[in-house]
Amino acid sequence: MRFIIQRDLLIESIQHVMKAISSRVTIPILTGIKIEATQEGIKLTGSDSDISIESFIPKEEYGLEHVEGIEEGSVVVQAKYFPDIIRKLPLKTVELITDDQYKVTIKSGGAEFHLNGQDAVEYPHLPKLHTDNSFELKNDLLKDLIKQTVFAVSTVETRPILTGVNMIIEEEHLDFVATDSHRLASRKIPLNLNNENISFKNVVIPGKSLIELNKIIEDNEETITISVTENQILFQTKNLYFLSRLLDGNYPETSRLIPEQSKTIVHTKTKTLLQAIDRASLLAKENRNNVVKLQTKSNNEIEISSNTPEVGQVNEDVTTESIEGEDLKISFSAKYMIDALKIIEEDHVKIEFTGAMRPFIIRPIDNEHILQLILPVRTY
Amino acid sequence: MSKWYPKKGRVIFHVDMNSFYASVEAAYDPSLKGKPLAIAGNPEERRGIIVTSSYEARAKGVKTTMPLWEAKKLCPNLIVMRPNFDRYRKASSEMFKMLSAITPYVQPVSIDEGYMDITECEALGSPLEIAKNLQMQIAEELDIPCSIGIAPNKFLAKMASDMKKPMGITVLRKRDLPEKLWPLPVGEMYGIGAKTAEKLNKVEIYTIKDLIEADVYSLKRLLGINGERLQNRANGVDPSIVDPEAIYDFKSIGNSETLREDTTEEIEIKKLIRKLSRKVSTRLKRKEVVGQNVQIMIRFHNRKTITRSIKLPNFIEEEDTIFTIGYDLFEKHWNGDPIRLLGVTVSDLVEKKEISQQLDIFTYEKEASKEKLYQTMEKLTEKYGENTFKKLKQEEDNSQPRTSFQKDYLDDYRNDKKDT
């Protein structure tokens with residue numbers, strides 16, 4: 001194998017596949033990066049067997065030549081050293097050459113590295129997905145879906161299924177749902193399905209996979225193809241192939257958990273509330289659940305307060321647009337509230353409460369597609 | 001200023017009930033008096049070991065933790081009884097009540113021993129008089145013998161109470177140390193177990209005097225920081241105070257139990273973890289605390305022991321939660337070897353009233369159904385002030401403590417006092 005490549009493109013590709021590489025894997029060769037050269041271009045692969053990522057650098061793109069002097073071949077290099085070497089080379093291009101002992105020579109300017117590699121035949125084959133369950137999305141929309149839900153996945157393994165995001169396709173809508181059982185985030189979008197009969201409910205993508213995917217895909221309107229099988233999901237763009245395993249088990253039915261009636265409804269400016277909660281949480285951080293209290297008052301005002309005996313207390317009256325229904329006094333985690341309000345881009349939100357011990361929901365006004373639900377805290 | 005009390009420094013008692021369980025039984029049934037009596041865990045099973053025995057049994061060589069069959073061989077007419085923890089608890093509580101009538105500075109250490117700081121008790125007489133009266137009162141009212149050590153600190157008081165049993169009163173002053181303390185073998189010293197004694201013997205430290213003369217750096221190398229502390233104590237220096245709140249400083253609540261036989265049977269293991277979780281949960285509720293850390297202990301057939309723990313985002317107290325998390329930990333860390341003993345511990349405890357409870361989307365209905373009740377309570381509390389309501393403690397007195405390290409009942413004597 002031999003080729004000369006634009007160094008910045010190689011660095012970017014390395015960064016992508018490194019997202020899937022872990023030093024703690026059961027198959028030792030997976031601590032390496034697989035490099036394959038064909039006449040079409042260069043393909044890098046990284047995998048920890050939960051996530052596998054392939055990044056492709058085409059020989060030519062938009063009339064620009066990225067790679068030249070390609071002699072086909074493949075090798076696996078150690079991910080511990082290869083990325084840093086490439087990053088620190090002196091010139092804009094780098095030449096890679098392998099010998100029949102899988103030794104890789106890396107040349108750029110006067111610098112020349114010889115790095116021991118391994119036979120790429122040893123590297124496990126990534127499964128090829130065979131499925132009709134495919135649909136397309138725009139990159140930026142997928143990034144929104146991830147950002148608005150993935151923060152709510154569980155970070156503990158007590159119920160492993162909750163560490164993933166539930167992806168549902170039903171009635172021409174795509175819905176992402178995540179809950180750690182203390183709060184729930186859901187984002188729904190209408191979906192134009194070319195293939196009419198796609199529908200699934202129990203696809204659960206590990207939160208970690210989505211977080212990594214979100215780092216790799218660019219914020220633009222290019223198309224990403226999503227294919228789903230029994231236990232894997234594939235996200236594919238022109239030069240990227242991102243494969244993740246799905247979580248095993250049944251995701252709890254969440255739609256019935258969302259209250260349909262409400263007793264107190266507050267309309268308020270998103271930012272005003274967010275900032276007030278953020279201030280109150282300065283003191284609430286000390287108490288164990290980061291608890292702030294919200295109390296409705298007259299004149300469309302709500303009082304946000306927090307009291308940590310060892311530290312001090314804070315009160316703030318926030319003027320809202322309107323308060324309808326019963327008076328209310330409720331305590332909740334400031335962190336959950338901040339997380340929820342942060343991902344809402346709309347200026348105004350509607351908060352629907354159903355009592356001090358029941359979940360409440362936050363939605364942007366005029367956007368039924370974003371829903372944030374939070375369980376209150378009971379203070380003794 | 002009485003000549004019996006030092007101008008500076010303190011007067012500490014260590015009160016130690018002599019062969020407590022056996023003494024309580026003999027007090028219940030006087031016909032047992034003067035006979036070799038042993039209290040044993042489970043007479044018919046492997047764990048049937050001697051928990052305690054009367055002096056008559058000890059004279060024949062019966063020792064605590066000895067297997068029952070061995071004890072019977074040494075003392076064929078040994079009378080063996082199962083423990084009656086309710087009786088012991090009651091006697092213990094009565095005993096601590098007597099102690100706390102003398103001074104509020106009482107620190108229970110276990111069911112049958114405790115420290116008192118009587119520095120401020122001049123009005124009640126000399127320390128020796130107070131000790132004699134207390135010993136007599138316990139003997140008369142409870143019919144239980146005890147030994148009392150009198151010294152300027154806790155360590156010396158503990159050593160002193162050990163010097164004359166049963167019904168002894170020993171004064172150990174600093175000037176008595178060269179004669180009374182230093183000639184003793186190091187293994188006799190409180191805080192030095194068999195293993196530490198063995199280590200010390202290897203470097204030719206045999207008596208407490210040898211310990212004092214040892215080089216502090218080599219002691220530290222041998223025993224860590226504890227080495228220096230032991231040497232200080234041997235010199236009669238122990239700065240720790242009699243702390244009545246010390247029993248509240250429990251950082252964890254745990255139970256462990258030996259299996260009937262070494263096993264790899266998952267059903268047996270699961271059953272035991274379930275049982276231990278239930279006990280821990282009961283004790284957490286009894287103390288009105290919740291914890292944020294679950295630890296399991298696995299002791300294998302070869303006595304190799306591992307502990308593994310997990311820190312949780314939430315505070316827990318329920319049996320089911322403890323079990324689920326504990327069993328999960330177990331599955332992750334069990335290598336499949338036969339198991340002798342299992343333990344479940346919940347730690348990072350806080351008092352329940354100090355924390356708030358994050359409701360859970362899948363279970364909140366249970367709490368929410370009490371919402372009206374809570375609202376009413378809150379309104380009334382606002383009106384009449386705090387303490388209008390007190391949640392009734394779970395009455396689970398049939399949950400008998402099985403080992404003396406379970407100290408959560410030791411403050412019972414105080415609650416009793418408040419009630420009467």
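Keep in mind it's a predicted model, so treat the numbers as computed, not measured. Note on naming: letters A, B, ... go to the chains in the order of the sequence lines (proteins, then strands), and numbering restarts at 1 for each one.
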What part of Arg159(A) lies closer than 4.5 angstrom to a heavy atom of chain B: side chain, backbone, both or neither? side chain
Does any backbone or side-chain atom of Ile258(A) lie under 4.5 Å from a heavy atom of chain B? Answer side chain, backbone, both or neither. neither
Check the pair Ile361(B), Leu373(A) against side chain to side chain contact (heavy atoms under 4.5 Å, CB included), reporting the backbone distance first and the verdict last. CA-CA 9 Å; Ile361(B) 193 169; Leu373(A) 173 147; 3.6 Å; yes
Verify the neighbour count for atom CG of Asp248(A): are there more than 12 heavy atoms of other residues, nucleotides or ligands below 6.0 Å? no
Just checking Glu331(B): does its CD atom have more than 12 heavy atoms from other residues, nucleotides or ligands closer to it than 6.0 angstrom? yes
Within 6.0 angstrom of Glu171(A) CD, more than 12 heavy atoms from elsewhere: no
Taking side chain as everything from C-beta outward and backbone as N, CA, C, O, which of these in Ile374(A) sits under 4.5 Å from a heavy atom of chain B? Side chain, backbone, both or neither. neither
Relative to Tyr364(B), does Arg378(A) satisfy both conditions: NZ or CZ under 6.0 angstrom from the six-membered ring centre, and within 45 degrees of the ring's axis? no
For Phe330(B), does the CZ atom sit with more than 12 other heavy atoms under 6.0 Å from it, leaving out its own atoms? yes
Which bit of Leu359(B) is near chain A, if near means a heavy-atom gap under 4.5 Å: side chain, backbone, both or neither? both
Strictly distance-based, threshold 3.5 Å: is any side-chain N or O of Gln358(B) a donor or acceptor partner for the main-chain N or O of Leu375(A)? yes
